[in-house]
Enquirer: 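Quick one: the structure is below, questions incoming.
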Protein chains: 2
Amino acid sequence: MTMGRPRAFCTEKALDEAMEVFWRHGYDGATLAMLTKAMGIKPPSLYAAFGSKEGLLKAALDRYAERRSAHMRYVLEGATARDVAERFLSSIAESHTDPANPPGCLLVQGGLACGAGSENIPFELAARRAQTETELRGRFLRARDEGDLPEGSDPAALARFLSTVASGMGVLASSGADREALREVARVSLAAFPRGRGAGEAPA
Amino acid sequence: MTMGRPRAFCTEKALDEAMEVFWRHGYDGATLAMLTKAMGIKPPSLYAAFGSKEGLLKAALDRYAERRSAHMRYVLEGATARDVAERFLSSIAESHTDPANPPGCLLVQGGLACGAGSENIPFELAARRAQTETELRGRFLRARDEGDLPEGSDPAALARFLSTVASGMGVLASSGADREALREVARVSLAAFPRGRGAGEAPA
DNA sequence: AGACTTATCTACCACTCGTTACAAAAGTTG
DNA sequence: CAACTTTTGTAACGAGTGGTAGATAAGTCT
């Protein structure tokens, strides 16, 4: 098919390894030496395939989003706004403590602050985090139109609240909190969420 | 008084400048060049006074905790558990968007993930974050004993929830969210908090 | 004054960073 | 086969990293 010497490594497997390194050490903390070792390739192969360290991160972020999209679709398919919130928080509690990955969220661990020369990385990550909030807001706007949220509810505020709690759970998981701790936070958070179309009841 | 040549810079002023650099760029992202320039001193003075880059961070963290202690004392003096929660979230919304400081929380911005040679930094920051949760938990345990929380309430879970939301607000502020956005999150979060000793009402 | 103690500055250390020439290797195409 | 195209490994690039000698300056002590 394609001409020239064929690539000796699997791009997707390599991206998975790179993702793990960025996840565990952050963008600045992840060195080319770590990345190339984990990916099992040498620097020239990395640069030929991804352009730069930043290009590699973006490719890894794309793959991360791709992985998450199935979960997010399931979350948004919740019958009611409250179902959606419950699914969202539960899925976060599980995924952020999945032993197959570093703890927390790549979009948070990747880097909230970076050094000289990578100042744009935090923006990139923030933009990807905002994506989730946008999806939730859209779903909650629909829920309000469907009469699925009480009158006084603010769909945008609820979406931002959930997304903020998710970020907080990322920080918590990154500190070594176990799955049960995250589930507890999810449970308490859900009490802030309006029930059906009426008023709430006894929160925890 | 003390013998030898007197120090030509003010330790506390220098620490404030260093704090700002760590806050804005994270531990790994903050280079000695940035730090010495901001502090207005040369590397040997820095090392004589603080021992190492890590020593400087810890000194800055101590100063950060000192600054916050007054706010935290005010928060814990709230009459009821709900007052405490309200004061806590409000104070976080204000302080994390204080234009006098970089956005967010130093204990989050400082570094959730670090590179080789500074793997212990995230632990240090996590330990300091846990301090706040511990203080809240202590206050809520007292509140329960005073009959200030409903029967089924879990003081530890509530403390962890608030501390998690605070971390999330740090991430949000770091993404450029304005003060009003954080206040909104605080308001919604408070709906998860039990009212008085009875059941809750219509949340937002 | 002179001995002593501590801080400051200039210059530099060994090392690591992200990135890239260059040539050899491994394929496809005529 | 030879021409072409792309990938791979070795080795290195300049720039910047955290950290430090060693000399000098600026004070206090006897």
Side-chain angles (χ1 to χ4, degrees), chain A residues 1-15 17-19 21-22 24-60 110-111 113-122 124, chain B residues 1-15 17-19 21-22 24-60 110-111 113-122 124:
Chain A
M1 277 300 162
T2 58
M3 291 207 311
R5 178 171 175 174
R7 184 165 283 159
F9 63 95
C10 168
T11 307
E12 278 130 14
K13 280 285 171 197
L15 266 183
E17 301 296 335
M19 189 193 302
V21 174
F22 282 130
R24 196 175 299 281
H25 298 283
Y27 180 79
D28 275 354
T31 68
L32 264 292
M34 287 179 189
L35 290 164
T36 52
K37 181 175 179 183
M39 300 167 82
I41 63 178
K42 309 288 175 180
S45 299
L46 192 158
Y47 278 80
F50 305 105
S52 65
K53 187 185 177 185
E54 183 171 343
L56 175 62
L57 174 72
K58 289 184 178 172
C114 278
S118 38
E119 295 92 348
N120 51 319
I121 300 296
E124 180 74 29
Chain B
M1 277 301 162
T2 57
M3 289 208 312
R5 178 173 175 174
R7 183 166 282 159
F9 64 95
C10 168
T11 307
E12 278 130 14
K13 279 285 170 197
L15 266 183
E17 300 296 335
M19 188 194 300
V21 174
F22 283 130
R24 196 174 298 281
H25 299 283
Y27 180 79
D28 275 355
T31 68
L32 263 296
M34 288 179 191
L35 290 164
T36 53
K37 181 175 179 182
M39 300 167 81
I41 62 178
K42 309 287 175 182
S45 298
L46 193 159
Y47 278 81
F50 305 105
S52 65
K53 188 185 175 186
E54 183 170 342
L56 176 61
L57 174 73
K58 290 184 179 172
C114 278
S118 39
E119 296 90 349
N120 51 320
I121 300 294
E124 179 74 27

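Quick note on labels: first sequence line is chain A, next is B, and so on, each numbered from 1.
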Enquirer: Kindly compute the distance separating CE (A/M34) from CD (A/E17), expressed to the nearest 0.5 Å.
Expert: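 One gets 14.5 Å once the value is rounded to the nearest 0.5 Å.
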Enquirer: If you fit an axis to the five pairs at each end of the helix from C/dA1-D/dT30 to C/dG30-D/dC1, how big is the angle between those two axes, to 10 degrees?
Expert: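 Rounded to the nearest 10 degrees, the bend comes out at 10°.
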Enquirer: Residues in side-chain hydrogen bond (donor to acceptor under 3.5 Å, both in side chains) with B/R5, at least two apart?
Expert: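 For B/R5 there are no side-chain hydrogen bond (donor to acceptor under 3.5 Å, both in side chains) partners, ignoring immediate neighbours.
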Enquirer: Provide the closest heavy-atom pair for B/E119 versus B/P122 in the form atom of the first, atom of the second, distance.
Expert: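 Nearest heavy atoms, B/E119 then B/P122: O-CD, 3.3 Å.
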Enquirer: Does anything in residues 36-45 of chain A come within less than 4.0 Å of DNA chain D? Heavy atoms only, and list the residues if so.
Expert: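 Here the set is A/K42, A/P44, A/S45.
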Enquirer: A/L15 and A/A59: which non-hydrogen atoms are nearest, and at how many Å?
Expert: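 Distance-wise, the nearest heavy atoms are CD2-CB, 3.7 Å.
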Enquirer: Among all residues two or more places apart in sequence or in another chain, which pass the side-chain contact (heavy atoms from CB on, under 4.5 Å) test with B/A33?
Expert: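 B/A33 satisfies side-chain contact (heavy atoms from CB on, under 4.5 Å) with B/T31 once adjacent residues are dropped.
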Enquirer: Sequence neighbours excluded, which residues qualify as side-chain contact (heavy atoms from CB on, under 4.5 Å) partners of B/K58?
Expert: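 Only B/E54, B/E124, B/R128 meet the side-chain contact (heavy atoms from CB on, under 4.5 Å) criterion with B/K58.
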Enquirer: Nearest whole Å is fine: how far is C/dG18 P from A/L56 CG?
Expert: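 So the CG-P distance, A/L56 to C/dG18, works out to 11 Å.
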Enquirer: Using whole Å, what does the distance between atom C1' of nucleotide D/dG19 and atom CZ of B/F50 come to?
Expert: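 Between C1' of D/dG19 and CZ of B/F50: 16 Å.
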Enquirer: The criterion is side-chain hydrogen bond (donor to acceptor under 3.5 Å, both in side chains); which residues satisfy it with B/S52, sequence neighbours excluded?
Expert: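 For B/S52 there are no side-chain hydrogen bond (donor to acceptor under 3.5 Å, both in side chains) partners, ignoring immediate neighbours.
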Enquirer: Whole Å only: how far is the CG atom of A/L46 from the P atom of C/dC17?
Expert: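 Roughly 14 Å, once rounded to whole Å.
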Enquirer: Measure across A/L57 and A/F22 and return the closest heavy-atom pair with its distance rounded to 0.1 Å.
Expert: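 Heavy atoms of A/L57 and A/F22 come nearest at CA-CE1, 3.6 Å.
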Enquirer: Residues from residues 4-14 of chain B sitting under 4.0 Å of DNA chain D, heavy atoms only?
Expert: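 Here the set is B/G4, B/R5, B/P6.
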Enquirer: Holding to side-chain contact (heavy atoms from CB on, under 4.5 Å), I want the full list of residues that pass it with A/S118, two or more places apart in sequence or in another chain.
Expert: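 A/S118 satisfies side-chain contact (heavy atoms from CB on, under 4.5 Å) with A/Y27, A/D28, A/C114, A/I121 once adjacent residues are dropped.
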Enquirer: What string of B, S and - do you get for nucleotides 13-18 of chain D, 5' to 3', when a contact is any protein heavy atom under 4.0 Å?
Expert: ----SS
Enquirer: List the residues meeting side-chain contact (heavy atoms from CB on, under 4.5 Å) with A/A113, not counting sequence neighbours, and say none if there are none.
Expert: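 Listed in chain order: B/Q109.
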Enquirer: Working to the nearest 0.5 angstrom, can you tell me the gap between B/L35 CG and B/M19 CE?
Expert: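 So the gap between those two atoms works out to 12.5 Å.
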Enquirer: Show me the donor-acceptor pairs, under 3.5 Å and distance only, between side chains in residues 42-50 of chain A and residues at least two apart or in other chains.
Expert:
none

